[in-house]
Visitor: 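So that we are looking at the same thing, I have put the structure below in structure tokens.
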Amino acid sequence: MAMDLTSWLETLAAQAPGELVTVRRPVEPAAFESAAVVDALESQKRYPAVLFEQVRDLEGRPTDCRILNNTFGTFRKIALALGLDTGQRMPLIERMLELSGKSLEPVRVALPEAPVRHWVWQGEDIDLTRLPLIRHTELDGGPYFTPIVVSRSPQGRYNVSWNRMQYLDPTHLAIYMSPRHLSAYFAEAEAAGRDLPIAVVLGHHPAFHLTGALLTPLDADEYAVAGGVMGEPLGLIPSLSFGEELLVPSEAELVLEGRILAGKRCVEGPFGEFTGYAGPQRLSWVVEISAVYGRQRPTIIDIFPCYSEHINAHLPIEASIYQRAKQAAPGVIKTCWVGSGGPFNLIISLKKKTEGEPMRAALAAISASNFIKHVIVVDDDVDPEDLAQVMWALSSRVQADQDLSILRNLQGQVLDPSLRHEIKTSGMVIDATRPLDRPFPRRGEVPEQLRQNLNLDDYLEG
Ligand SMILES: Cc1cc2nc3c(=O)[nH]c(=O)nc-3n(C[C@H](O)[C@H](O)[C@H](O)COP(=O)(O)O)c2cc1C
């Protein structure tokens with residue numbers, strides 16, 4: 001069976017039925033209704049994938065589309081997308097690294113066999129108001145999609161990235177691009193007076209979407225990397241608007257083709273962001289849509305941007321950060337970014353052999369990604385996922401005048417509301433590890449042998 005969203009939903013229903021709920025009554029995503037359901041679940045600390053079977057379009061009319069939320073709501077669902085069954089962070093990170101290192105060249109699929117070409121809108125038929133765009137937070141500047149955008153460098157490398165898009169009019173969307181690969185490709189095209197062709201993928205196997213958040217180097221083609229992550233080569237067909245110049249995934253649910261227009265800008269936002277805040281309105285870029293096509297009943301993967309599914313979907317970035325930290329300091333045991341109490345904090349645990357290693361690991365993590373500005377390094381007896389343990393290490397192993405290092409002039413995340421400058425940020429490293437160069441008390445514990453071997457039931461019977 002092809003790796004597509006249907007196959008993943010079937011895996012989920014079979015292996016983790018509690019991880020999927022279906023909403024059958026009609027909902028209006030543009031009137032915050034699907035977001036409100038995710039919000040209500042999250043307020044009860046419930047994160048099942050939610051499949052909205054009947055969703056209305058921008059004008060409140062019924063559509064043939066479905067919307068899926070919380071695809072990345074739990075680690076277990078992400079694991080099932082990567083062929084594992086675990087809810088644990090480190091096996092998942094190791095798996096992500098293993099798969100993303102295995103490129104599989106894409107394969108061509110014959111057009112009649114491409115499910116994504118079941119129906120097509122071109123020319124006058126294109127009307128984005130007939131699609132179920134989504135409003136999530138109160139201040140959102142309009143209804144949005146949270147899709148995967150496929151682009152191609154002049155040298156032929158495919159890039160897959162996650163970029164939110166806001167509805168502007170029936171044939172135009174705004175796109176937000178932070179300064180990464182996609183924006184660099186566009187800048188190059190624009191400097192040459194050209195538009196940049198893109199394909200907007202609104203749903204595919206979750207492993208394809210996760211590829212969009214990998215920090216893939218420029219010498220690796222992201223269609224091939226997506227094949228590795230999916231465990232099967234990606235099927236491709238020519239695009240309707242650009243032919244062989246831009247190939248698109250044949251097993252996608254719904255695809256919009258278009259061009260990011262050279263020399264055009266528009267006002268985009270506000271947009272509720274992964275920071276938990278309404279991000280500001282900004283000048284963004286304009287995409288003109290030239291074709292829309294999809295499956296018979298396409299399912300759109302939506303990410304509720306302020307909520308758990310958005311933070312969890314960054315796990316591939318966390319994997320890259322862990323990898324860089326471990327390369328710099330092999331004693332690194334575990335990292336915890338997602339879930340460490342905020343999108344810009346990272347906690348690293350380390351089996352320290354020499355002084356200076358914590359700083360080395362922290363700087364490697366900070367240089368790996370502009371998402372990280374605060375790093376706390378703890379010893380290997382402290383679990384970075386347990387914030388109570390981390391706070392205990394902070395309270396008992398840190399002297400602020402010696403163990404706190406302030407970093408200036410880092411490249412920050414433009415969505416960080418605390419920035420005073422447009423993009424520059426300060427950062428800090430807290431070394432909460434025990435010193436090796438002077439005596440330090442041991443933990444107060446019962447002898448190790450008893451801790452390992454004691455069977456509590458022997459003492460509590462009756
Ligand atoms: C759910 C999710 C949504 C994202 N939305 C955006 C976005 O709207 N704009 C953006 O520039 N980056 C966004 N990102 C981050 C990028 O997709 C990600 O960092 C990617 O690696 C950038 O790829 P590129 O360097 O290939 O352009 C998002 C990431 C995730 C996980």
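All values below come from the heavy atoms of this structure, side chains included, with hydrogens, waters and symmetry mates left out. This chain uses plain numbering: 1 for the first residue, then up along the sequence.
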Visitor: Check whether more than 12 heavy atoms from other residues, nucleotides or ligands sit under 6.0 Å from atom CZ of F32, and answer yes or no.
Guide: yes
Visitor: Please evaluate residues K326 and T335 with respect to the criterion side-chain hydrogen bond (donor to acceptor under 3.5 Å, both in side chains), reporting the C-alpha separation (whole Å), side-chain torsions for both, the decisive distance (0.1 Å), and the verdict.
Guide: CA-CA 10 Å; K326 196 163 177 76; T335 55; over 6 Å; no
Visitor: Is the backbone of A35 close enough, under 3.5 Å, to the side chain of D39 for a donor and an acceptor to pair up by distance?
Guide: no
Visitor: With a 3.5 Å cut-off and no angle check, do the side chains of T71 and E309 form a donor-acceptor pair?
Guide: no
Visitor: Does a sphere of radius 6.0 Å around CD in E445 hold more than 12 heavy atoms from other residues, nucleotides or ligands, not counting ones at 6.0 Å or beyond?
Guide: yes
Visitor: Could you give the distance from CD (Q389) to CG (D381), rounded to the nearest 0.5 Å?
Guide: 8.0 Å
Visitor: State, to 0.1 Å, how close D379 and S349 come at their nearest heavy-atom pair, and which atoms those are.
Guide: O-CB, 3.8 Å
Visitor: Step by step, would you call T216 with S100 a side-chain contact (heavy atoms from CB on, under 4.5 Å)?
Guide: CA-CA 8 Å; T216 313; S100 61; over 6 Å; no
Visitor: So that I can tick it off, tell me whether E385 and K334 are bridged by a salt bridge, with the cut-off set at under 4.0 angstrom between side-chain N and carboxylate O.
Guide: yes
Visitor: What distance separates T211 OG1 from H204 NE2, expressed to the nearest 0.5 Å?
Guide: 9.5 Å
Visitor: Which word best sums up how the rings of W8 and H205 line up, parallel for under 30°, tilted for 30 to 60°, or perpendicular for over 60°?
Guide: perpendicular
Visitor: Hey, can you pull the donor-acceptor pairs under 3.5 Å for the side chains in residues 173-182, sequence neighbours left out?
Guide:
| from | atom 1 | to | atom 2 | distance (Å) |
| --- | --- | --- | --- | --- |
| S178 | OG | R180 | NH1 | 2.9 |
| R180 | NH2 | N370 | OD1 | 3.4 |

Visitor: Measuring from H421:NE2 to D416:CG, what's the distance to the nearest 0.5 Å?
Guide: 13.5 Å
Visitor: I'd like to know if the side chain of E42 pairs up with that of S308 as donor and acceptor (distance under 3.5 Å, no hydrogens or angles considered).
Guide: yes
Visitor: With a cut-off of 6.0 Å (strictly less than), are more than 12 heavy atoms of other residues, nucleotides or ligands near CD of E355?
Guide: yes
Visitor: Rounded to the nearest 0.5 Å, what separation is found between the CZ atom of R89 and the OH atom of Y322?
Guide: 12.0 Å
Visitor: Determine the minimum heavy-atom distance between A393 and V382, stating which atoms define it.
Guide: CB-CG2, 4.1 Å
Visitor: Kindly give the heavy-atom pair with the smallest separation between A2 and S7, and that separation in Å.
Guide: O-OG, 3.4 Å
Visitor: Heavy-atom count around R408 CZ within 6.0 Å, excluding the residue itself: above 12?
Guide: no
Visitor: Could you walk me through whether L346 and I321 pass the side-chain contact (heavy atoms from CB on, under 4.5 Å) check?
Guide: CA-CA 9 Å; L346 179 78; I321 292 168; 3.9 Å; yes
Visitor: Pick one: which of F274, Y47, W162 meets ring pair (Phe, Tyr, Trp, His ring centres under 6.0 Å) with H310?
Guide: F274
Visitor: Test side-chain contact (heavy atoms from CB on, under 4.5 Å) on V377 and I430; report intermediate values, then the result.
Guide: CA-CA 6 Å; V377 188; I430 301 179; over 6 Å; no
Visitor: Are any of the side-chain nitrogens in E190 or R194 under 4.0 Å away from the carboxylate oxygens of its partner?
Guide: no
Visitor: According to the interplanar angle, ranging from 0 to 90°, do the rings of F208 and Y223 count as parallel (below 30°), tilted (30 to 60°) or perpendicular (above 60°)?
Guide: tilted
Visitor: Once rounded to the nearest 0.5 Å, what's the spacing between atom CG of D140 and atom CG of L133?
Guide: 11.5 Å
Visitor: Report the distance from atom CG of D221 to atom OG of S153, rounding to the nearest 0.5 Å.
Guide: 8.5 Å
Visitor: Applying side-chain contact (heavy atoms from CB on, under 4.5 Å), run through R76 and E19 and close with a yes or a no.
Guide: CA-CA 9 Å; R76 184 152 184 230; E19 292 269 9; 3.6 Å; yes
Visitor: Please table the atom pairs, donor to acceptor, closer than 3.5 Å between any side-chain atom in residues 144-152 and protein atoms at least two apart or in another chain.
Guide:
| from | atom 1 | to | atom 2 | distance (Å) |
| --- | --- | --- | --- | --- |
| Y144 | OH | Q166 | OE1 | 3.0 |
| Y144 | OH | E268 | OE2 | 2.9 |
| Y144 | OH | G269 | N | 3.2 |
| T146 | OG1 | D302 | OD1 | 3.3 |
| T146 | OG1 | I303 | N | 2.8 |
| R152 | NE | G156 | O | 3.3 |
| R152 | NH1 | E245 | O | 2.9 |

Visitor: Any salt bridge linking K352 with D380? Criterion: basic side-chain nitrogen under 4.0 Å from a carboxylate oxygen.
Guide: no
Visitor: If you compare all heavy atoms of L82 against all heavy atoms of R95, which two are closest, and at what distance to 0.1 Å?
Guide: O-NE, 2.7 Å
Visitor: Heavy-atom count around E422 CD within 6.0 Å, excluding the residue itself: above 12?
Guide: no
Visitor: Go through it in stages, so that I can follow the logic: the residues are R360 and E357, the test is salt bridge (Lys or Arg N to Asp or Glu O under 4.0 Å), and I'd like the CA-CA distance, side-chain angles, deciding distance and then a yes or no.
Guide: CA-CA 5 Å; R360 196 175 168 78; E357 256 181 326; over 6 Å; no
Visitor: V225 and A220: which non-hydrogen atoms are nearest, and at how many Å?
Guide: CG2-CB, 4.1 Å
Visitor: Salt-bridged, R157 to D219, with N to O below 4.0 Å?
Guide: no
Visitor: For a ring-ring contact (aromatic ring centres under 6.0 Å, His included) check, start with the C-alpha distance between F371 and H314, then their side-chain angles and the critical distance, and finish with the verdict.
Guide: CA-CA 10 Å; F371 279 106; H314 287 79; 5.3 Å; yes
Visitor: Are a donor atom and an acceptor atom from the side chains of N159 and Y185 found within less than 3.5 Å of each other?
Guide: no
Visitor: Identify the two heavy atoms, one from R135 and one from A30, that lie closest to each other, and give their separation to 0.1 Å.
Guide: NH1-O, 2.8 Å
